[in-house]
Amino acid sequence: MELFAFYNVENLFLPDPPPNHRLDPTTSGLKNWDDRKYRDKLFKISHVFQLMKEETGILPCLIGLSEISGRKVLEDLVKMSPFNSQYGIVHYNSMDERKVDVALLYDKSKVEIIDSEAITFFFEIVDKNPENYDTTRDVLFSKVKYKEEIINVFVAHLPSKREKDINQPKREYILNEIRNRILQIVNVEKENVILCGDFNENPDDENLVKILFDDTHQKILVNPFQELYSTQNYSAFHYKSGLLFDQILLSQSFFDDNNGSLSFYDAKIFKPEKLRSRHKMFTDRPFRTFAGTRYLGGYSDHFPVFVVLKK
């Protein structure tokens with residue numbers, strides 16, 4: 001058995017340097033984000049995977065992460081238990097205006113990275129100054145080798161549903177570009193694909209349904225989180241609405257009888273009691289680090305998700 005996990009960790013930033021003036025803007029954009037809070041955040045994120053190991057018996061061999069800022073926070077994270085420096089890092093700095101990136105962690109004893117790249121999207125180039133480009137978080141692509149099996153992994157954190165969903169066309173464009181790449185991998189290269197991320201869309205939204213099929217309506221991807229969403233299982237909340245933006249989609253090859261060494265077994269939203277809100281009215285919700293600018297000291301505003309793959 002192997003696990004593949006994805007986790008939006010909610011603003012994993014390095015601590016801010018002391019401001020010269022109390023009204024100066026912070027690097028992180030967070031309020032009073034100091035070394036103590038940063039170390040506590042690192043402990044909590046690593047503790048999530050310790051809890052996952054205690055429940056399932058193993059750590060994920062691959063972990064997609066979003067809302068991290070820079071490589072240093074990842075280096076600090078993988079030094080901690082239960083990773084104990086046994087995990088490698090795939091990360092590129094994106095041009096996102098908040099400097100928020102995605103990343104992939106991998107168990108170096110099981111997984112080899114063959115290739116990787118950051119897929120960058122530009123929606124409007126105003127002038128020749130990159131700081132003025134209309135861009136968003138990169139999609140991370142990694143071609144990995146598990147034993148003798150090739151798996152093409154995409155990690156995404158798509159633009160958010162803010163301001164009456166002004167970013168919907170951007171999400172549609174990004175997913176269409178990723179779909180074109182997946183079609184090439186599945187139909188031509190005949191290799192496995194895992195697409196994970198915070199899509200800022202639920203499994204039944206049109207963009208995430210469309211990406212499951214090729215142009216002849218043949219299924220190329222399976223989204224096991226569709227069933228979880230239909231039974232009102234959620235990974236995040238916005239006001240009163242339950243959301244399942246965090247998903248892991250797999251190529252049809254993981255469901256075929258003639259597949260290689262790994263096949264799909266189960267999909268879960270990981271929400272043990274420690275990761276849940278301390279507020280008695282919201283115990284089904286994640287225990288957040290922040291609520292607005294108010295520091296709560298929790299884990300994240302999302303629950304992690306994972307799929308179980310059987311050898």
K.L.:
So, does D107 use its side chain to make a donor-acceptor pair with the main chain of S109 at under 3.5 Å?
P.N.:
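Side chain of D107 to backbone of S109: a pair is present.
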K.L.:
Any donor and acceptor pair, going by atom type alone, linking the side chain of R137 with main-chain N or O of A156 inside 3.5 Å?
P.N.:
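It does not hold such a pair.
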K.L.:
Nearest 0.5 Å please: distance from the OH atom of Y234 over to the CG atom of D246.
P.N.:
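With rounding to 0.5 Å, OH (Y234) is 14.0 Å from CG (D246).
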K.L.:
Is it the case that the side chain of Q247 and the backbone of E201 share a donor-acceptor pair, with hydrogens and angles ignored and the cut-off at 3.5 Å?
P.N.:
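Answer holds: yes.
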K.L.:
Passes side chain to side chain contact (heavy atoms under 4.5 Å, CB included), F141 versus S116? Steps please.
P.N.:
CA-CA 5 Å; F141 169 75; S116 68; 5.9 Å; no
K.L.:
Looking at every heavy atom in both L77 and L42, which two are closest together, and how far apart are they?
P.N.:
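Smallest heavy-atom distance, with atoms named: CD1-O, 3.9 Å.
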K.L.:
Please round to the nearest 0.5 Å and tell me the distance separating atom CG of N200 and atom CZ of F245.
P.N.:
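Here the interatomic distance stands at 5.0 Å.
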K.L.:
Give a yes or no on this: more than 12 heavy atoms of other residues, nucleotides or ligands lie within 6.0 Å of atom CD of Q232.
P.N.:
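Result for CD/Q232: open.
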K.L.:
Any chance you could measure F237, atom CZ, to F303, atom CZ, to the nearest 0.5 Å?
P.N.:
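Between F237 CZ and F303 CZ, I get 7.0 Å after rounding to 0.5 Å.
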K.L.:
So F225 and N233, do their side chains get closer than 4.5 Å, heavy atoms only?
P.N.:
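With C-beta onward as the side chain, the pair stays apart.
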K.L.:
For a salt bridge (Lys or Arg N to Asp or Glu O under 4.0 Å) with D40, tell me which candidate from K37, K44, R36 qualifies.
P.N.:
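Result: among K37, K44, R36, K44 is the only option passing the salt bridge (Lys or Arg N to Asp or Glu O under 4.0 Å) with D40.
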K.L.:
Tell me, do L140 and F154 make a side-chain contact under 4.5 Å, heavy atoms counted?
P.N.:
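When only atoms from C-beta onward are counted, F154 and L140 do not touch, as no gap falls below 4.5 Å.
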K.L.:
Establish, from distance only, whether the side-chain atoms of H91 and R71 form a donor-acceptor pair under 3.5 Å.
P.N.:
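No, because no side-chain N or O of H91 sits under 3.5 Å from a partner of the opposite role on R71.
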K.L.:
When rounded to the nearest 0.5 angstrom, what distance separates CD1 in I58 from CZ in F49?
P.N.:
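It comes to 13.0 Å.
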K.L.:
Short question: side chain of R171, backbone of P159 - any donor-acceptor pair under 3.5 Å?
P.N.:
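Flag set: sc R171 to bb P159 pair under 3.5 Å.
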K.L.:
So, is the end of the K268 side chain (NZ or CZ) under 6.0 Å from the ring centre of F306 and within 45° of the ring's axis?
P.N.:
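That pair does not qualify as a cation-pi contact.
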K.L.:
Report whether Y173 and L212 are members of the same hydrophobic cluster (ILVMFWY, side-chain heavy atoms less than 4.5 Å apart, transitive linking).
P.N.:
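Y173 clusters together with L212.
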K.L.:
Donor-acceptor pair, N167 side chain versus K170 backbone, under 3.5 Å?
P.N.:
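Here the side-chain-to-backbone pair does not exist.
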K.L.:
CD of E177: more than 12 outside heavy atoms within 6.0 angstrom?
P.N.:
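Enclosed: over 12 neighbouring heavy atoms sit under 6.0 Å from CD of E177.
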K.L.:
Would you confirm whether T231, through its side chain, and E227, through its main-chain N or O, come within 3.5 Å as a donor-acceptor pair?
P.N.:
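Answer holds: yes.
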K.L.:
Determine whether a donor-acceptor pair (N or O, by modelled atom type, separation under 3.5 Å) exists between the side chain of E112 and the backbone of K145.
P.N.:
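Answer holds: no.
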K.L.:
Could you check L195 against I248 for side chain to side chain contact (heavy atoms under 4.5 Å, CB included), going step by step and ending with a plain yes or no?
P.N.:
CA-CA 6 Å; L195 167 61; I248 302 170; over 6 Å; no
K.L.:
Work out which heavy atom in V307 is nearest to a heavy atom in P224; give both atom names and the distance.
P.N.:
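In this case the closest contact between V307 and P224 is CG1-CG, 4.3 Å.
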K.L.:
When you look at NZ of K31, are more than 12 heavy atoms from neighbouring residues, nucleotides or ligands closer to it than 6.0 Å?
P.N.:
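No, the 6.0 Å shell around NZ holds no more than 12 heavy atoms from other groups.
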K.L.:
Would you say the side chain of L65 lies within less than 4.5 Å of the side chain of V102, judging by non-hydrogen atoms?
P.N.:
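Result no, sub-4.5 Å side-chain heavy-atom pair not found.
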K.L.:
With rounding to the nearest 0.5 angstrom, report the NE2 to CD distance, H302 to E67.
P.N.:
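One gets 6.0 Å once the value is rounded to the nearest 0.5 Å.
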K.L.:
Does the side chain of D214 reach to within under 4.5 Å of the side chain of T216, using non-hydrogen atoms?
P.N.:
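Yes, side chains in contact.
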K.L.:
Step by step, would you call T120 with Y92 a side-chain hydrogen bond (donor to acceptor under 3.5 Å, both in side chains)?
P.N.:
CA-CA 10 Å; T120 303; Y92 296 88; over 6 Å; no
K.L.:
Supply the atom-to-atom distance L12 CG to I68 CD1, rounded to the nearest 0.5 angstrom.
P.N.:
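One finds 7.0 Å between CG of L12 and CD1 of I68.
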K.L.:
Is any side-chain heavy atom of I63 closer than 4.5 Å to one of F6?
P.N.:
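Result no, sub-4.5 Å side-chain heavy-atom pair not found.
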K.L.:
Determine the minimum heavy-atom distance between C196 and G64, stating which atoms define it.
P.N.:
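Result for this residue pair: SG-CA, 4.4 Å.
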K.L.:
Centroid separation under 6.0 Å, is that true for the rings of F255 and F264?
P.N.:
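Under 6.0 Å, so yes.
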K.L.:
State, with a plain yes or no, whether a side-chain heavy atom of N176 is found less than 4.5 Å away from one of K210.
P.N.:
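Yes - at least one pair of side-chain heavy atoms lies under 4.5 Å apart.
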K.L.:
Could you tell me how the ring of Y38 sits relative to the ring of W33: parallel (under 30°), tilted (30 to 60°) or perpendicular (over 60°)?
P.N.:
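Judged by the thresholds at 30° and 60°, the geometry between Y38 and W33 is perpendicular.
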K.L.:
Kindly give the heavy-atom pair with the smallest separation between P203 and V209, and that separation in Å.
P.N.:
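That would be O-CG2, 3.7 Å.
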K.L.:
Can you see whether D101 engages S94 through a side-chain donor-acceptor pair at a distance of less than 3.5 angstrom?
P.N.:
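D101 vs S94: donor-acceptor pair found between side chains.
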K.L.:
Which atoms form the tightest heavy-atom contact between L228 and A267, and what is the distance?
P.N.:
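It is CD1-O, 3.7 Å.
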K.L.:
If you measure only the distance, is there a donor-acceptor pair under 3.5 Å linking the side chains of E149 and N192?
P.N.:
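Yes - a donor-acceptor pair under 3.5 Å links their side chains.
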K.L.:
Is there a donor-acceptor contact under 3.5 Å from the side chain of R276 to the main chain of K271?
P.N.:
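Looks like yes, one N/O pair under 3.5 Å.
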K.L.:
Among I150, I151, V144, whose side-chain contact (heavy atoms from CB on, under 4.5 Å) with I114 holds?
P.N.:
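That would be I150.
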K.L.:
Closest heavy-atom contact between S81 and Q50?
P.N.:
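Smallest heavy-atom distance, with atoms named: OG-OE1, 4.1 Å.
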K.L.:
Treating Ile, Leu, Val, Met, Phe, Trp and Tyr as nodes and any side-chain heavy-atom pair under 4.5 angstrom as an edge, say whether Y7 and L243 lie in one connected cluster.
P.N.:
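They do not share one cluster, since no chain of ILVMFWY contacts under 4.5 Å joins Y7 to L243.
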K.L.:
For Y265, I'd like to know if atom OH has over 12 heavy atoms of other residues, nucleotides or ligands within 6.0 Å.
P.N.:
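Atom OH in Y265 is not crowded, with 12 or fewer foreign heavy atoms closer than 6.0 Å.
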K.L.:
Do K274 and L51 come within less than 4.5 Å of each other through their side chains, counting heavy atoms only?
P.N.:
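They are in contact (side-chain heavy atoms under 4.5 Å apart), so the answer is yes.
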K.L.:
Ignoring hydrogens and angles, tell me if any N or O in the side chain of S300 forms a donor-acceptor pair with the backbone of N8 under 3.5 Å.
P.N.:
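Pair found, side chain donor or acceptor close to backbone of N8.
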K.L.:
Is E2 paired with K310 through a side-chain N to carboxylate O contact shorter than 4.0 Å?
P.N.:
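Salt bridge absent between K310 and E2.
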K.L.:
Aromatic ring centroids of Y295 and F290 under 6.0 Å?
P.N.:
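Yes.
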K.L.:
Can you establish whether the number of heavy atoms outside E117 located under 6.0 Å from its atom CD is more than 12?
P.N.:
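Result for CD/E117: enclosed.
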K.L.:
Is D215 salt-bridged to R179, going by a charged N under 4.0 Å from an acidic O?
P.N.:
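Answer for the salt bridge query: yes.
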K.L.:
Does K143 pair with E191 as a salt bridge, N-O distance under 4.0 Å?
P.N.:
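E191 and K143: salt-bridged.
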K.L.:
The test is side chain to side chain contact (heavy atoms under 4.5 Å, CB included); show your working for V78 and L74 and say whether it passes.
P.N.:
CA-CA 6 Å; V78 297; L74 299 166; 5.5 Å; no
K.L.:
Side chain of N152, backbone of V193: donor and acceptor closer than 3.5 Å?
P.N.:
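No; judged by distance alone, with no hydrogens or angles, the pair does not exist.
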K.L.:
Below 6.0 angstrom between ring centroids: does that apply to F83 and Y87?
P.N.:
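Yes; Y87 has its ring centre under 6.0 Å from that of F83.
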K.L.:
Counting heavy atoms not belonging to R294, are there more than 12 under 6.0 Å from its CZ?
P.N.:
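Not more than 12 within 6.0 Å, no.
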K.L.:
Apply side chain to side chain contact (heavy atoms under 4.5 Å, CB included) to the pair L59 and L3, showing each step before the final yes or no.
P.N.:
CA-CA 7 Å; L59 284 171; L3 301 188; over 6 Å; no
K.L.:
Evaluate the side-chain proximity of I269 to L244: yes if any heavy-atom separation is below 4.5 Å, no if none is.
P.N.:
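Counting from C-beta outward, L244 and I269 do come under 4.5 Å.
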K.L.:
Would you please indicate yes or no on a ring centroid separation below 6.0 angstrom for F43 and H47?
P.N.:
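Judged by ring-centre distance (under 6.0 Å), H47 and F43 do meet the cut-off.
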K.L.:
We want to know whether T289 and K41 form a side-chain donor-acceptor pair, criterion being a heavy-atom distance below 3.5 angstrom.
P.N.:
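Yes - a donor-acceptor pair under 3.5 Å links their side chains.
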